Amino acid sequence: MGTYSIAVLPGDGIGPEVTEQAVHVLQTVASHYGHTFNTQHAFVGVAAIEAEGDAISDATMELCQQSDAILFGAVGGSPRYEGPNAKIQPERALFRLRKDLSLYANLRPIRPFNALLNASTIKAEVLQRTDLIVVRELTGGLYYGKPSEIRDTPQGYDAIDTLIYTEAEIDRIVRTAFELARERRKKVTSVDKANVLSSSRLWRRVAERVAAEYPDIAFENLLVDSCAMHLIRRPASFDVIVTENMFGDILTDEASMLAGSMGMLPSASLGTRRTSHGLFGLYEPIHGSAPDIAGQQKANPIAAILTVALMLRYSFNLKREAEAVETAVERVVNAGYRTEDLQETGKTIVGTQEMGRLVAEAIA
Ligand code: NAD
């Protein structure tokens, strides 16, 4: 029985709706297993810009630093803060959290539930036995490289982004993938674009060097375009996929469809910092703020709820509790309950809050 502190940053759009259900499930775990989860809420994204003048305030950063883990909803989705002329972008909150807290390894597990195989746009026989994890590098590459700007030149505007990786950045993320593979089915696929990009050629060189230190793990290189194709052609053949920031961003949205919906996929962002309980981490669903369905009780809270399972596992070392959350979700899905994004004939459609209640009930 332990006491854990969690910074809760619900954010914008469906962020607060799904986070509320995740916290509800977390508190159910607390009362069932005798733990204490002290949650402290703060603004982030558009909510923070409007309340505090920045996408994330220094006080909220301090709160996150002091916590054992961070539960994050989603940010963005307001036309006022979108587009090239927006002064402060809500996403800045995420980038600051990841960079300032050195959360360089983003883990995105994808294991479609058997009961949902028909909810995917991909054939059930292709999906069967899919159980993979994407390890996305999170604090380097195109999203952080400088210069990154639109420039006014005598010939008209041009724009530049910089894709830079150091050997050390590649080495540590590839190592994370190999360590994970040791606990799984012992296969790593490194994804790059080494036939075109210099950064990818360095990526491949370092990945191969690290692979040589893990002779017990099967290793392959795959070009990102080829990986995009194989992900929906033979998803069950992958175990651990490791890739750079933007490739991981895009491939995991694609991979979310293996699980039936964006609303199903959790993620954990980890570094090397440890608390007295486990690895410090940031936990968030992979989806965004979904402004098209916000405020309508249509959002699927399962991704957010499954992030709680990842938090219990990685940051608090509470494996039994993590499995209890995952099993509860599977039980509710097996019983035929679905949010609208997973609509199938003959199933019972429920709203965001009801789905959270059902999962909590399945734990209790
Ligand atoms: P999105 O993930 O918000 O939505 C994509 C589609 O998936 C939408 O049709 C949406 O309704 C659906 N969807 C997403 N989550 C769902 C859920 N839990 N249940 C049911 N359906 C769900 O991506 P977008 O529409 O491209 O972006 C909207 C805003 O979110 C943008 O401002 C974008 O910048 C931001 N965004 C934020 C994050 C984040 O906070 N981590 C990630 C991606 C996008």
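When a ligand or atom number is given, it counts from 1 through the structure's own listing order. Values in this document were obtained by computation on a predicted structure and should not be read as measured data.
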* For residues Ile160 and Asp158, determine if any side-chain heavy atom of one lies less than 4.5 Å from a side-chain heavy atom of the other. => no
* Structure fact -> Within 4.0 Å of some non-hydrogen atom of Glu82, the atoms of ligand 1 are 31 (C), 32 (O)
* Structure fact -> Taking only non-hydrogen atoms of Ala299 and a 4.0 Å limit, the atoms of ligand 1 in range are 19 (N)
* **Heavy atom of protein inside 4.0 Å of atom 27 (O) of ligand 1, strictly below** => no
* To do: Please confirm whether Ile286 comes within less than 3.5 Å of ligand 1 when only nitrogen or oxygen atoms on both sides are compared.
  => no
* Contact atoms of ligand 1, heavy-atom distance to Ala74 under 4.0 Å -> 40 (O)
* To do: Could you label the plane-to-plane angle of the Phe178 and Tyr214 rings as parallel, tilted or perpendicular, counting under 30° as parallel and over 60° as perpendicular?
  => parallel
* Partners of Glu326 by salt bridge (charged side-chain N to carboxylate O under 4.0 Å, His left out), sequence neighbours excluded? -> Arg313
* **Interfacing atoms of ligand 1 (cut-off 4.0 Å, heavy-atom, Gly263)** => 17 (C), 18 (N)
* Distance flag for atom 20 (C) of ligand 1, protein heavy atom under 4.0 Å -> yes
* Asked: Would you say atom 40 (O) of ligand 1 has a protein heavy atom nearer than 4.0 Å?
  -> yes
* Asked: Where does Thr339 meet ligand 1, judged by heavy-atom distances below 4.0 Å: at the side chain, the backbone, both, or neither?
  -> neither
* Would atom 1 (P) of ligand 1 count as contacted, meaning some protein heavy atom under 4.0 Å? -> yes
* Asked: Can you find a protein heavy atom under 4.0 Å from atom 14 (C) of ligand 1?
  -> yes
* Asked: With a 3.5 Å cut-off and no angle check, do the side chains of Asp100 and Gln65 form a donor-acceptor pair?
  -> no
* Asked: Leu265 and Ser256: which non-hydrogen atoms are nearest, and at how many Å?
  -> CD1-CA, 3.5 Å
* Does even one non-hydrogen atom of Ser261 get within less than 4.0 Å of ligand 1? -> no
* Under 4.0 Å to a heavy atom of Ala290 - the qualifying atoms of ligand 1, by number -> 3 (O), 10 (C), 11 (O), 14 (C)
* Judged by atom type as modelled, is there a donor-acceptor pair below 3.5 Å linking the side chain of Asp12 to the main-chain atoms of Ala47? -> yes
* Please state which protein non-hydrogen atom is closest to atom 7 (O) of ligand 1 and give its distance, to 0.1 Å? -> Met262 CG, 4.0 Å
* Asked: Considering only protein heavy atoms, which is closest to atom 38 (C) of ligand 1, and at what distance to one decimal place?
  -> Gly288 CA, 3.5 Å
* Closest by any non-hydrogen atom to atom 17 (C) of ligand 1: pick that one out of Leu342, Asn300, Ile302. => Asn300
* Numbered atoms and elements of ligand 1 in range of Glu91, under 4.0 angstrom, heavy atoms -> 32 (O), 33 (C), 34 (O), 35 (C)
* Evaluate the side-chain proximity of Glu137 to Ile170: yes if any heavy-atom separation is below 4.5 Å, no if none is. => no
* **Lys99 vs Tyr144 side-chain heavy atoms within contact, under 4.5 Å** => yes
* To do: With heavy atoms of Gly76 as the reference, note each atom of ligand 1 found under 4.0 Å away.
  => 32 (O)
* Asked: Which pair of non-hydrogen atoms, one from Ser269 and one from Leu138, has the smallest distance, and what is that distance?
  -> OG-CD2, 3.2 Å
* Asked: For the residue pair His35 and Phe37, does the interplanar ring angle fall in the parallel (under 30°), tilted (30 to 60°) or perpendicular (over 60°) class?
  -> tilted
